[in-house]
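Below you'll find the structure, written out as structure tokens, and then a few comments.
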Protein chains: 2
Amino acid sequence: MIIASRKEVAQLAGVSEATVSRVLNGVGPIREETRQRVMEAAERLGYTPNALAQSFARRRSGNLGVVMPYLPKARIFSAYYFSEILSGIGSKALEGKYDLLMLFREPGGTMDYLNLFRTQKVDACIILGAKDEEGERAAIRQLSEGRHPYCLINQHFEGESFHVMDADHVEGSYEAVKHLIEQGFRRIAFLNGPPEYSNSRDRMSGYCRALEEAGIELDESLLFEGNFSRKSGFAAAEKVAARLKGIDAVFAANDRMAIGLQQGLRSMGVPEEEMPAFVGYDDSDAAELGAPPLTSVRVPFYELGCLAAEHVLGMLEQTPSSAVSRIPLHRKLPTRLVIRASSLKRK
Amino acid sequence: MIIASRKEVAQLAGVSEATVSRVLNGVGPIREETRQRVMEAAERLGYTPNALAQSFARRRSGNLGVVMPYLPKARIFSAYYFSEILSGIGSKALEGKYDLLMLFREPGGTMDYLNLFRTQKVDACIILGAKDEEGERAAIRQLSEGRHPYCLINQHFEGESFHVMDADHVEGSYEAVKHLIEQGFRRIAFLNGPPEYSNSRDRMSGYCRALEEAGIELDESLLFEGNFSRKSGFAAAEKVAARLKGIDAVFAANDRMAIGLQQGLRSMGVPEEEMPAFVGYDDSDAAELGAPPLTSVRVPFYELGCLAAEHVLGMLEQTPSSAVSRIPLHRKLPTRLVIRASSLKRK
DNA sequence: CAATTTTATGTACGCGCGTACATTTTCTCA
DNA sequence: TGAGAAAATGTACGCGCGTACATAAAATTG
């Protein structure tokens, strides 16, 4: 059976194709009797407008693009982080009758975001896991200059005015470290993420501020770096273990690294009573599963996704002349420290 | 600045539009000099073919659809399960130059899968979380009859011959329960998922077989049901606790429920030494984070995603006359029991 | 009831590209 | 060098729909 198109419907209903279009789109005045006839004909033929042709004619794809970061080994969705954000975006896309188009960065070079719009692949897009590199900046700048509806999540760029939906990682980290200090720990190691991510740098700020406020001098030898994977946390265990006697507590930039580090230390034979206190970040599912349960900083990822999606879809409805989309959005949602056993002072 | 189209490129290069098309698509014989001129013109104008128009003209969207299940509260991506599968699909889609289109089931009725193809929204699609209900069956049957490239993951339908990429949950469950029996446990409770999912029924089969083989009679009062969420595991704790004296071990249909149940029991004040042994399912990240680490059945979700994607993309390349796509695929990948502390007999 | 407005429908075209077919140019070989 | 084959390019149209504009039908008014 061949798929019926507008033509057949028009024929069967005894009207012109334009009338069919109008009935189906609810455009213009239509006599009730005509509407009935058309609807019936469409029904009989099982007609559904071709979405591709509609998109082409309307010059709108109906897609909301989501740019995913490239992570080695491709298990990109594995992180709690992305899962939550995507769920948020997805729920709003559904509401707005948009489809979600997932776009994967290629391992090598920078992605040409502007091209997504020029080729009409998407009507709007949300960028996850952007890095602070010149190529990236340039690519995003093009979107801004072209007034395209886009939004970054959880990454901001110093000196640029981009649309960003962020969380307050300076404050979150500050609270985390302050908590450790209040617990009586003073030699607090920091397992941070790569500095190309603004949230890594933000965490560093918060970490430093808390130390400073407590009159603790920054000890560079207590700074470690991972890539947010559990494996990298595990790997960091070796370096941490080497100076374990000088470490009271560890603040990690996400839960996975914190847990990896814990596991690493244990696998190296560090006894439980010598384990430092721990605070993770993200408050992922894993945090409350840990032994001991992991104190962590809750980040409203789901909400970040919702708000970013609402923002870009909102821009889409504005007239080009409207000024709203020209004012770049920069919202910072608050984080919240969730205290569990891992960070409490043992007596 | 307006976006250049093929026409401008042709004009600038002094050739016809058709030639521009040919050069860009590498079709037909082209004089090298002409190719240069066209490429240069395209470069100068920053020309990129309009993907929407291309799709329309080619009558192929370039999209690989992924149907996501509707889960209440919308945190659909949260499960390890989907993360892994999506990563697998995503990696193959990327290889095949396809984009991933995420499609969300609406809460209520059945989704009209056939419509995805009729409207040309997708060229192929992969269906996750299908339930064994008549509407669902009918919808999938339409795809089969229309010889559309589709594939179900982790769900099969008795009596139908659909394209399915599955894992062997009968065997996986059998191994899990056998292991518990070998550890000396005999009164083994089973916290299963909803029976609308074939994998739930498969697990039940494996569970029964293992018991039978060991000469243990099935005790219906040891069967519990959750919905795969941690919360449902937590909720089941109440019922389980009521007859805790008669339970040596628990086999749960996924790790989240296992962990939820453990947490529930603890929160009800069940002392550690009275906790039953545990075996989970999926071998998610959470399994090795638990206290004690959770024995679990590893399911190759990532591979399921890869294979399903390869399958549908493969069907796409076949000529309609080719017979391969008519033979419904039904592959079952093996699972593997990963033994950790939670299931070991305490002396 | 004719002149006008309002409502309903039809006609015609463009969206940007792929591609079958027609035409022109270049090459080959006698 | 000229005829025929091969290579290169151009011409023309369709894909299915939205929609501006033209037209016809119905309603309104004086």
Side-chain angles (χ1 to χ4, degrees), chain A residues 2-42 45-63 97 115-123, chain B residues 2-42 45-63 97 115-123:
Chain A
I2 215 63
I3 301 179
S5 78
R6 193 177 62 172
K7 185 151 81 176
E8 282 85 66
V9 177
Q11 219 150 21
L12 180 59
V15 297
S16 72
E17 291 191 47
T19 299
V20 175
S21 245
R22 282 190 280 254
V23 168
L24 268 70
N25 296 323
V27 171
I30 299 279
R31 196 190 310 174
E32 183 53 26
E33 186 213 320
T34 310
R35 154 181 275 102
Q36 297 287 347
R37 277 220 315 283
V38 170
M39 292 306 273
E40 198 176 319
L45 297 174
Y47 171 70
T48 321
N50 181 315
L52 230 45
Q54 281 186 320
S55 293
F56 179 55
R58 293 184 172 132
R59 262 152 296 173
R60 303 205 312 113
S61 69
N63 292 335
K97 298 289 183 197
N115 220 35
L116 296 174
F117 288 92
R118 287 203 316 206
T119 62
Q120 310 243 37
K121 262 192 184 331
V122 305
D123 296 334
Chain B
I2 215 64
I3 302 178
S5 78
R6 194 176 62 170
K7 184 150 82 173
E8 282 87 61
V9 178
Q11 219 151 21
L12 181 57
V15 298
S16 74
E17 290 191 47
T19 299
V20 175
S21 247
R22 282 190 280 254
V23 168
L24 269 68
N25 294 324
V27 170
I30 299 280
R31 195 189 312 173
E32 181 53 26
E33 187 213 316
T34 311
R35 158 181 272 102
Q36 296 289 345
R37 277 219 314 283
V38 170
M39 292 305 273
E40 197 176 320
L45 295 173
Y47 171 70
T48 319
N50 181 317
L52 231 45
Q54 281 185 319
S55 293
F56 179 54
R58 295 184 173 132
R59 265 151 294 171
R60 303 206 311 112
S61 68
N63 291 335
K97 299 287 180 196
N115 221 33
L116 296 175
F117 288 93
R118 287 201 318 206
T119 62
Q120 309 242 38
K121 262 192 187 327
V122 305
D123 297 332

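Throughout, a chain's letter reflects where its sequence line sits, starting with A, and its residues are numbered from 1. Note: hydrogens, waters and symmetry copies are ignored here, and every other heavy atom, side chains too, is used.
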Legend entry - Sidechain-backbone polar pair: A:E40 side chain, A:R37 backbone, donor-acceptor under 3.5 Å: no

Inset, instruction - Just jot down the side chain to side chain donor-acceptor pair (under 3.5 Å) partners of A:D123, sequence neighbours excluded, or say none. - result: A:S61

Legend entry - 5' priority, DNA chain D, between B:R59 and B:E32 [closest heavy atom]: B:E32

Inset, instruction - Mind calculating the distance between CD (A:Q120) and C1' (C:dC17) to the nearest angstrom? - result: 13 Å

Inset, instruction - Hey, could you give me the CZ/OG1 distance between B:R31 and B:T19, rounded to the nearest 0.5 Å? - result: 10.5 Å

Legend entry - Minimum-distance nucleotide to B:P29 side chain [options: D:dA8, C:dT7, C:dC17]: D:dA8

Inset, instruction - Check for a donor-acceptor pair, side chain of B:S55 on one end and backbone N or O of B:R60 on the other, with a separation under 3.5 Å. - result: yes

Inset, instruction - State the CZ-CG distance between A:R58 and A:N25, to the nearest 0.5 angstrom. - result: 5.5 Å

Inset, instruction - Return the angle between end axes of the helix from C:dC1-D:dG30 to C:dA30-D:dT1, with five pairs used per end and rounding to 10°. - result: 40°

Inset, instruction - Specify the separation, in whole Å, of atom CG of B:L24 and atom P of C:dC17. - result: 9 Å

Legend entry - Sugar-phosphate only, base, or nothing, as touched by A:T34 at under 4.0 Å among non-hydrogen atoms: sugar-phosphate

Inset, instruction - Can you tell me the distance, in whole Å, between the NZ atom of A:K7 and the C1' atom of D:dC15? - result: 11 Å

Inset, instruction - When you get a sec, tell me which of C:dT11, C:dT26, C:dG16 is the closest nucleotide to the side chain of B:R31? - result: C:dT26

Inset, instruction - For A:I30, report the nucleic acid contact type (base, sugar-phosphate, nothing); a contact means any heavy atom under 4.0 Å. - result: sugar-phosphate

Legend entry - Crowding at CD, B:Q36 (>12 non-hydrogen neighbours, <6.0 Å): yes

Quick one: which protein N/O atoms are closer than 3.5 Å to N/O atoms of nucleotides 18-23 of chain C? Pair and distance per line, please.
residue : atom : partner : partner atom : Å
C:dG18  : OP1  : B:N25   : ND2          : 3.2
C:dG18  : OP1  : B:Q54   : NE2          : 3.1
C:dG18  : OP1  : B:R58   : NH2          : 3.1
C:dG18  : OP2  : B:S21   : OG           : 2.6
C:dG18  : OP2  : B:N25   : ND2          : 3.3
C:dG18  : N7   : B:R6    : NH1          : 2.8
C:dG18  : O6   : B:R6    : NH2          : 3.4

Inset, instruction - Kindly indicate whether the side chain of B:I3, heavy atoms from C-beta on, has any atom under 4.5 Å from the side chain of B:T48. - result: no

Inset, instruction - Answer yes or no: does a side-chain N or O of A:T19 lie under 4.0 Å from OP1 or OP2 of C:dG10? - result: yes

Inset, instruction - Taking the side chain as every heavy atom from C-beta outward, state whether A:Q120 and A:F56 have any pair of such atoms under 4.5 Å apart. - result: no

Inset, instruction - Indicate whether B:F56 forms a stack on D:dC15; treat it as stacked only if centroid distance is below 5.5 angstrom and interplanar angle below 30 degrees. - result: yes

Inset, instruction - Check the distance between C:dT7's C1' and A:E33's CD and give it to me in whole angstrom. - result: 15 Å

Inset, instruction - Please report, rounded to the nearest Å, how far the P atom of D:dC17 is from the CG atom of B:N50. - result: 18 Å

Legend entry - Residue met sooner reading DNA chain D from 5', once A:S5 and B:G28 are mapped to nucleotides: B:G28

Inset, instruction - State plainly whether the residues B:E32 and B:R35 are in salt-bridge range, i.e. N to O under 4.0 Å. - result: yes

Inset, instruction - Report the distance from atom CD of A:Q11 to atom C1' of C:dG10, rounded to the nearest whole Å. - result: 15 Å

